[in-house]
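What follows is a single structure, written as structure tokens, with notes after it.
The model shown is predicted, which means the values in this text are computed figures rather than measured ones. Values reported hereafter were calculated over all heavy atoms of this structure, with side chains retained and with hydrogens, waters and symmetry mates removed.
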Amino acid sequence: MPATPVRLHSLPAVLIELRGLSNAERSVALYVSDMPDRYRYQRGDYAQLESWIIQGATRLGLERLYRLAALLSGYRLAWVEECVSAVQEQAHAERFPKTARLDRAARMASIVSLDTPMNEAAKARGLHPQFDGGCPTCEGAGQVWERWIAPGCDWEEEGYEPCPMCPGPVSSVERVAVAA
């Protein structure tokens with residue numbers, strides 16, 4: 001009996017390089033990886049952390065990872081500026097229900113970033129946070145009305161300045177969930 005040719009279907013291989021991930025992307029990847037919730041870093045565990053980051057990035061896919069990391073960065077920025085909206089708080093809690101795990105993942109990602117710096121594309125993505133419901137400072141306009149005193153002047157000027165929290169006009173984001 002002659003052999004029957006069988007066509008195998010496979011997903012296209014995506015090469016995930018650690019240098020190509022920002023710190024927030026590494027944090028999200030660790031969050032969704034098989035890293036134990038109570039993991040504690042020990043000397044020599046670097047290769048294990050790297051493999052968990054690659055595993056998490058592979059599990060999510062790069063586009064979803066980039067988006068979740070941008071939302072995480074936006075939430076953290078709003079939190080630091082003390083202007084987290086109720087929409088952002090709720091979406092963040094749904095997206096990352098295990099706060100201790102997220103904190104540990106961020107700490108471990110920082111350890112990895114000490115040894116493996118980010119490439120320019122990853123750094124650029126890290127500068128573009130996203131916000132649930134729009135930027136809490138400019139509400140998505142990309143600019144805010146400011147007053148300032150120019151150096152060497154005795155008078156005050158006012159006008160629109162670029163928003164300090166977002167890179168420009170932003171659209172609100174639909175909810176994105178993470179299963180961990």
Side-chain angles (χ1 to χ4, degrees), residues 11 14 16 18 20-41 49-113 118 121-147 160-180:
L11 296 173
V14 176
I16 298 175
L18 197 57
L21 299 176
S22 70
N23 199 57
E25 292 160 0
R26 294 171 185 186
S27 298
V28 172
L30 279 170
Y31 182 86
V32 301
S33 73
D34 290 342
M35 179 184 76
D37 286 344
R38 297 188 187 274
Y39 171 75
R40 293 184 62 147
Y41 181 77
L49 280 175
E50 184 178 332
S51 69
W52 281 330
I53 291 170
I54 300 301
Q55 178 194 51
T58 304
R59 189 173 282 171
L60 284 176
L62 288 178
E63 290 305 313
R64 189 161 183 225
L65 177 66
Y66 296 160
R67 187 170 178 166
L68 288 170
L71 289 167
L72 176 61
S73 295
Y75 174 83
R76 286 182 174 164
L77 186 58
W79 182 84
V80 165
E81 295 293 325
E82 298 179 351
C83 60
V84 175
S85 69
V87 170
Q88 290 171 325
E89 193 71 51
Q90 181 182 4
H92 180 74
E94 289 173 4
R95 201 173 291 123
F96 302 106
K98 298 179 181 180
T99 56
R101 181 175 178 79
L102 183 60
D103 181 57
R104 186 162 315 269
R107 291 171 192 263
M108 296 303 110
S110 295
I111 288 172
V112 171
S113 292
M118 298 169 260
K123 288 178 186 177
R125 280 192 312 277
L127 296 175
H128 295 282
Q130 291 183 6
F131 302 91
D132 293 289
C135 175
T137 301
C138 69
E139 298 175 353
Q143 57 187 3
V144 292
W145 188 261
E146 293 281 342
R147 288 187 171 153
Y160 283 104
E161 289 283 311
C163 178
M165 292 206 25
C166 65
V170 293
S171 59
S172 60
V173 176
E174 295 177 21
R175 297 203 178 197
V176 181
V178 173

Inter-residue atom distance [X].[atom1] - [Y].[atom2], 0.5 Å rounding:
X      : Y      : atom1 : atom2 : result
Glu25  : Tyr66  : CD    : OH    : 6.0 Å
Arg76  : Leu71  : CZ    : CG    : 12.0 Å
Thr58  : Ile53  : OG1   : CD1   : 11.5 Å
Leu102 : Arg107 : CG    : CZ    : 11.0 Å
Leu68  : Gln130 : CG    : CD    : 9.5 Å
Arg67  : Leu60  : CZ    : CG    : 13.0 Å

Side chains of [X] and [Y]: does their closest heavy-atom pair fall under 4.5 Å?
X      : Y      : answer
Arg26  : Leu18  : yes
Gln143 : Cys163 : no
Arg104 : Leu30  : no
Met165 : Phe131 : yes
Asn23  : Val112 : no
Glu94  : Gln90  : yes
Lys123 : Leu127 : no
Val84  : Pro136 : no

Sole candidate of Glu89, Gln88, His92 that passes side-chain hydrogen bond (donor to acceptor under 3.5 Å, both in side chains) when paired with Tyr75:
Glu89
For [X] versus [Y], what's the shortest heavy-atom pair and its separation?
X      : Y      : value
Ala57  : Leu65  : CB-CD2, 3.7 Å
Leu62  : Ile16  : CD2-CG1, 4.2 Å
Ala124 : His128 : O-CD2, 2.9 Å
Ala105 : Ser27  : CB-O, 3.4 Å
Ser33  : Gln55  : CB-OE1, 3.3 Å

Pairs touching residues 30-40 that satisfy salt bridge (charged side-chain N to carboxylate O under 4.0 Å, His left out), sequence neighbours left out:
Asp34-Arg59, Asp37-Lys98, Asp37-Arg101
Determine the interplanar angle of the Tyr39 and Tyr41 rings, folded into 0 to 90°, and report it as parallel if under 30°, tilted if 30 to 60°, perpendicular if over 60°.
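Perpendicular.
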Phe96 vs Val28, side-chain contact (heavy atoms from CB on, under 4.5 Å): CA-CA, chis, key distance, verdict:
CA-CA 9 Å; Phe96 302 106; Val28 172; 4.0 Å; yes
